[in-house]
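Have a look at the structure below before the remarks.
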Amino acid sequence: MELNSSHTSKPAQTPIGWLDSPNCYGRVSRTLHWLTAALVTLQFAVLLAWRGMGENAITLFLASIGPHGSLGFMILIVTLFRLGWAFANRKQRPPHQPGLGGRLARLVHITFYGLLLWLPAFAILRQYGRGGALRFYSMELLPEAERNITWMIAPADLLHGPLSWLLCGLVFGHIAMALVHRFWLKDKVLARMVSSGH
């Protein structure tokens, strides 16, 4: 009889549930996280492609997959759902690390949520204030109208561009810190969102 069998050589894996736990994020939180990442990545990919190459077959294809306004609307809806889910799971989510690092991580996450709400919400408000049609892909949510409401237009005109690049910078910083945790600090911070092991 073998003492070191396959049943004892590997640590047990705990299945991921739908809800969050103090050790890891559940399926819903993970899905919303990676969906947000995909939407934001596509949004910036389309924007940068248009700025770099102008109108061509590639940029027109990307724009058909991810129209700027439609992606922004989806980001807003997903972020609102994420906030609601985070609130519902607030007492059982993995805690932030103690000390300065944990406080900075909390501040960055609050900033992320703020930008993911502000950018699409005020862009939609600007579109409405200008009288432009609000569309979600081929579905028209509000028709065009003759209006020019300055207070709806001004905030996005002033801040949409700079805050978009702030969001882009935070995304790269977020990725860099995840890699630092994985390969330098060698802790389980990244595993909470990508691995089933505890």
So, do [X] and [Y] sit near enough that their side-chain heavy atoms are less than 4.5 Å apart?
X      : Y      : value
Leu166 : Leu163 : yes
Glu55  : Trp50  : yes
Leu60  : Asn56  : no
Met74  : Pro120 : no

Examine [X] and [Y] and state if one hydrophobic cluster contains both, with Ile, Leu, Val, Met, Phe, Trp and Tyr joined whenever side-chain heavy atoms are less than 4.5 Å apart.
X      : Y      : answer
Leu142 : Ile153 : no
Met177 : Leu179 : no
Leu83  : Phe87  : no
Phe44  : Ile65  : yes
Met139 : Leu39  : yes

Qualifying ring pair (Phe, Tyr, Trp, His ring centres under 6.0 Å) pairs with a residue from residues 107-146, counting only residues at least two apart or across chains: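 Output for this query lists Phe73-Phe136, His96-His109, His109-His174, Phe112-His174, Trp118-Phe122.
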Euclidean distance, [Y] [atom2] relative to [X] [atom1], rounded to 0.5 Å:
X      : Y      : atom1 : atom2 : value
Arg147 : Met152 : CZ    : CE    : 7.5 Å
Leu159 : Leu115 : CG    : CG    : 10.5 Å
Thr41  : Gln43  : OG1   : CD    : 10.5 Å
Leu134 : Leu125 : CG    : CG    : 9.5 Å
Leu47  : Arg51  : CG    : CZ    : 5.0 Å
Leu76  : Leu119 : CG    : CG    : 10.5 Å

Residues which pass side chain to side chain donor-acceptor pair (under 3.5 Å) with Trp85, listed by chain and number, not counting sequence neighbours: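 Residues passing side chain to side chain donor-acceptor pair (under 3.5 Å) with Trp85: Ser29.
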How are the rings of His68 and His160 set to each other: parallel, tilted or perpendicular (split at 30° and 60°)?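 His68 and His160: perpendicular rings.
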Whether [X] side chain and [Y] backbone form a donor-acceptor pair below 3.5 Å:
X     : Y     : value
Thr59 : Gly54 : yes
Arg30 : Tyr25 : yes
Asp20 : Gln92 : no

Is there any salt bridge (charged side-chain N to carboxylate O under 4.0 Å, His left out) pair reaching into residues 98-119, and which pairs are they, with sequence neighbours excluded?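 Listed by first then second residue: nothing to list.
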Applying salt bridge (Lys or Arg N to Asp or Glu O under 4.0 Å), name anything that partners Arg130, two or more places apart in sequence or on another chain.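 Scan of Arg130 (salt bridge (Lys or Arg N to Asp or Glu O under 4.0 Å), adjacent residues dropped) gives Asp157.
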Output all residues satisfying salt bridge (Lys or Arg N to Asp or Glu O under 4.0 Å) with Glu144, sequence neighbours left out; order by chain, then residue number.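 Per chain and number, Glu144 pairs via salt bridge (Lys or Arg N to Asp or Glu O under 4.0 Å) with no residue.
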Could you list the cluster mates of Leu104? Members are the ILVMFWY residues connected by side-chain heavy atoms closer than 4.5 Å, either directly or through other members.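 Direct or chained contacts put Leu104 with Leu100.
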Applying the side-chain contact (heavy atoms from CB on, under 4.5 Å) criterion to Val78, which one of Leu35, Thr31, Val40 satisfies it?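 With Val78 as partner, side-chain contact (heavy atoms from CB on, under 4.5 Å) holds for just one option, Leu35.
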